[in-house]
Amino acid sequence: MAAENGEFSFAAKGRNGLPTIQTQKKAEDDGSNSLVCHDDSARPVKAQTLDELHSLQKKKSAPTTPLQAAQGPFAEEERNKQQLQSISASLASLTRGTGPKVVKGDPTRAETPRVAAVSNPHFAPSLNISDSSLKFTHILYNLSPGELYEQAIKYEKGSFITSSGALATLSGAKTGRSPRDKRVVKDETTTEDLWWGKGSPNIEMDEHTFLVNRERAVDYLCSLEKVFVNDQFLNWDPEHRIKVRIVSARAYHSLFMHNMCIRPTPEELENFGTPDFTIYNAGQFPCNRYTHYMTSSTSIDMNLSRREMVILGTQYAGEMKKGLFSLMHYLMPKRQILSLHSGCNMGKDGDVALFFGLSGTGKTTLSTDHNRYLIGDDEHCWSDNGVSNIEGGCYAKCIDLSREKEPDIWNAIKFGAVVENVVFDEHTREVDYSDKSVTENTRAAYPIEFIPNAKIPCVGPHPKNVILLACDAFGVLPPVSKLNLAQTMYHFISGYTALVAGTEDGIKEPTATFSACFGAAFIMLHPTKYAAMLAEKMQKHGATGWLVNTGWSGGSYGSGNRIKLAYTRKIIDAIHSGALLDAKYTKTDIFGFEIPTEIEGVPSEILDPSNTWSDKKAHKDTLLKLGGLFKKNFEVFTNYKIGTDNKLTEQILAAGPNF
Ligand SMILES: Nc1ncnc2c1ncn2[C@@H]1O[C@H](COP(=O)(O)OP(=O)(O)OP(=O)(O)O)[C@@H](O)[C@H]1O
Ligand SMILES: O=C([O-])CC(=O)C(=O)O
Ligand SMILES: [Ca+2]
Ligand SMILES: [Mn+2]
């Protein structure tokens, strides 16, 4: 039976039908007409043992920066030692005065040289040595995607390779950020600088509590057999590049940050030195609720003076991404650079567009445009040099992702990409992007080079168009409105979108969200500070503002429909090409928007929402309702001056809905 079964039959058979076994090669046998069948295409391997065979498979990475003769023969060893000392110092307990003993490489491979712990010069050597100071912590330093896949699959439950080659993973109990658990240390520097109090995302904590949580995270990390360390960069503008170190316990986290931050070249890594900012991600471990300020088991703590961030009690990787974004919202304005929660792309002629919008409004979808160069999908800086992406990757929503509508994102989900919380076929490993069993917030993180027309380096000239995206589930905002500067600022400060809360629970009523600067969760200074900078830059560089509704048309959620992505893309095309600037406009009631009467490829009747609602009274009521929500939200800003321009401040206050 075995011989008839393809799986078990031998490839070559002798005359009697049985497989022949070649025992010895005859000297005169040239193999050409031998009856003894043998495979002459492959030479036997050079190895004598299996271990030897396996050792042939991998070769040492080529040295990257040529070591200068002056540095001597031990230069590489010395550099390695310095790197490990720097990591040991990062992981040092602040009470015991020493960093852990660290060793580079996987604990299952024992070939690496050991490096003793660094000691803090301010501490006298203590006789009270604890067990923790006797153990080694293995450091998996800037591993490659392949190595991280292997770590994830071996050691992290829920890690699988999907049919497209991406690494599927679970983020655990949290599948989104926890803004209510984000805390910022209030000390001498930050008391004055930051935005505190009502409406601010910065919930205070004191330095001592931060240190308690830091110690908890560091002790947890050092108690592990191994931790991942990523040394990477933020900001493609070389003048304002920030060096970050991320210490984490999961290969998922390391691969996520490998994709999302800027990846140093081997040479840049060798000269990395001391990081400007360090994240301690001990997300699997909860915070201690007996600790002052802790209101749940999750705490995401930012200490700007120490240049550190601690994560306890959440494994959602977006906390690291957005934590660093908060950092940039603090550091960049200090250098007169505006940080923006926006996507950004550039046309063939160098025309740059920014896409602002809250989560799910279309920044990633619309900035990823096959006809334009992608500069970035989520976080940017606008300086006197132009725009630069803060990140080295994209983080796309995957729910209902389709190859037809979003081909570039679809194709980017390949080997190296991380897909979070998606559901896939247990056998074919094909992802079902419509499945919300784990969460609706399914995501893919991939390096920006996975988008074929990414602009590398991710920088561009000053923006020509500033597009504000709102997903208006009330269905009353026009698909596109041209804004004057005051209106642009009014809507930038308002940061409106309306999502449909709890779709699973059958809740039909849209909920309006106002989030200043289209990203109140990440800003550190008062919104008017960023607004003033944006106004100044838009004025100086002559950028035009637009408001694009990527949400409902023909009625609110429940009766109308979401505007077709294909139409939104046509609208965006007309903005980019300049065609929309020259269109004919009419002015709307209440909000006073300028709306075009015609756009190529878009049915004209949808351009004015009052046409698309069959119930005219319902339309008017809903419009007034939304206008009222805008007015109420803006009340907190009426006492603030925006920049030094009194006239602009007055114009902004008058640029909202009028009734
Ligand atoms: N008309 C439309 N315009 C834009 N996006 C649409 C439209 N209709 C449906 N969508 C869907 O809405 C979602 C927009 O999400 P996207 O990932 O672009 O959000 P985002 O603004 O980048 O949010 P985040 O900051 O959370 O990453 C996508 O899933 C997209 O397919
Ligand atoms: O941060 C996240 O989890 C996703 C994101 O981009 C946002 O919410 O703006
Ligand atoms: Ca996005
Ligand atoms: Mn975002």
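Just so you know, ligand 1 is whichever comes first in the structure, and atom 1 is the first atom listed for that ligand.
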Legend entry - Atom indices of ligand 2, in the order listed, that fall short of 4.0 Å to a heavy atom of K322: 1 (O), 5 (C), 6 (O), 7 (C), 9 (O)
Inset, instruction - Taking only heavy atoms of I563 into account, list the atoms of ligand 1 that are under 4.0 Å away from them. - result: 1 (N), 2 (C), 8 (N)
Inset, instruction - Cation-pi check, R429 to F424: give yes when NZ or CZ is under 6.0 Å from the six-membered ring centre and within 45° of the ring axis, no otherwise. - result: no
Legend entry - F522 six-ring face occupied by K322 cation (under 6.0 Å, within 45°): yes
Legend entry - Any N/O pair S359/ligand 1 closer than 3.5 Å: yes
Legend entry - Partners meeting side chain to side chain contact (heavy atoms under 4.5 Å, CB included) with W195 (sequence neighbours left out): S200, P201, N202, I523, H526, P527
Inset, instruction - Would you check whether R177 has a nitrogen or oxygen atom less than 3.5 angstrom from a nitrogen or oxygen atom of ligand 2? - result: yes
Legend entry - Pair E391 + K321, salt bridge at N-O below 4.0 Å: yes
Inset, instruction - Give yes or no for whether the N/O distance cutoff of 3.5 Å, strictly under, is met between H341 and ligand 2. - result: yes
Inset, instruction - Please determine, by modelled atom types, if S254 and N230 share a side-chain donor-acceptor pair under 3.5 angstrom. - result: yes
Inset, instruction - Sort out for me which residue in D369, L366, I375 forms a side chain to side chain contact (heavy atoms under 4.5 Å, CB included) with N345. - result: D369
Inset, instruction - With heavy atoms of H341 as the reference, note each atom of ligand 1 found under 4.0 Å away. - result: 25 (O)
Legend entry - T298 side chain to G313 backbone, donor-acceptor under 3.5 Å: yes
Legend entry - Region of R443 that comes within reach of ligand 1 [heavy atoms, distance under 4.0 Å]: side chain
Inset, instruction - Go through ligand 1 atom by atom and flag the ones less than 4.0 Å from a non-hydrogen atom of E406. - result: 30 (C), 31 (O)
Legend entry - D301 bridged to K182 by N-O distance under 4.0 Å: no
Legend entry - Structural part of L358 in contact with ligand 1, heavy atom criterion under 4.0 angstrom: backbone
Inset, instruction - Using ring-ring contact (aromatic ring centres under 6.0 Å, His included) as the criterion, point out the one residue from Y490, F492, F514, Y496 that pairs with F634. - result: Y490
Inset, instruction - Number the atoms of ligand 1 from 1 as they appear, then name those within less than 4.0 Å of a heavy atom of T365, with their elements. - result: 14 (C), 15 (O), 16 (P), 18 (O), 28 (C), 30 (C)
Legend entry - Any N/O pair L366/ligand 1 closer than 3.5 Å: no
Inset, instruction - Would you please say whether a donor-acceptor pair under 3.5 Å links the side chains of N465 and W546? - result: yes
Legend entry - Angle at the Mn ion (ligand 4) (to 10°), with one arm to OD1 of D378 and the other to NZ of K322: 110°
Legend entry - Test of proximity, N441 against ligand 2: N or O pairs below 3.5 Å: no
Inset, instruction - Output all residues satisfying ring-ring contact (aromatic ring centres under 6.0 Å, His included) with Y585, sequence neighbours left out; order by chain, then residue number. - result: none
Legend entry - Short N or O distance, G360 and ligand 1, threshold 3.5 Å exclusive: yes
Legend entry - Sub-4.0 Å atoms of ligand 2 with respect to non-hydrogen atoms of Y316: 2 (C), 3 (O)
Legend entry - NZ or CZ of K243 within 45° of F277 ring axis and under 6.0 Å: no
Legend entry - Option set I409, L565, T497, criterion heavy-atom distance to atom 4 (C) of ligand 1, minimum: L565
Legend entry - Candidate with minimal heavy-atom separation from atom 12 (O) of ligand 1, of R569, R562, K405: R562
Inset, instruction - Of the side chain and backbone of T550, name the one, both, or neither that has a heavy atom under 4.0 Å from an atom of ligand 1. - result: both
Legend entry - Numbered atoms and elements of ligand 2 in range of R443, under 4.0 angstrom, heavy atoms: 4 (C), 5 (C)
Legend entry - Atoms in ligand 1 with a heavy atom of T568 nearer than 4.0 Å: 1 (N), 2 (C), 3 (N)
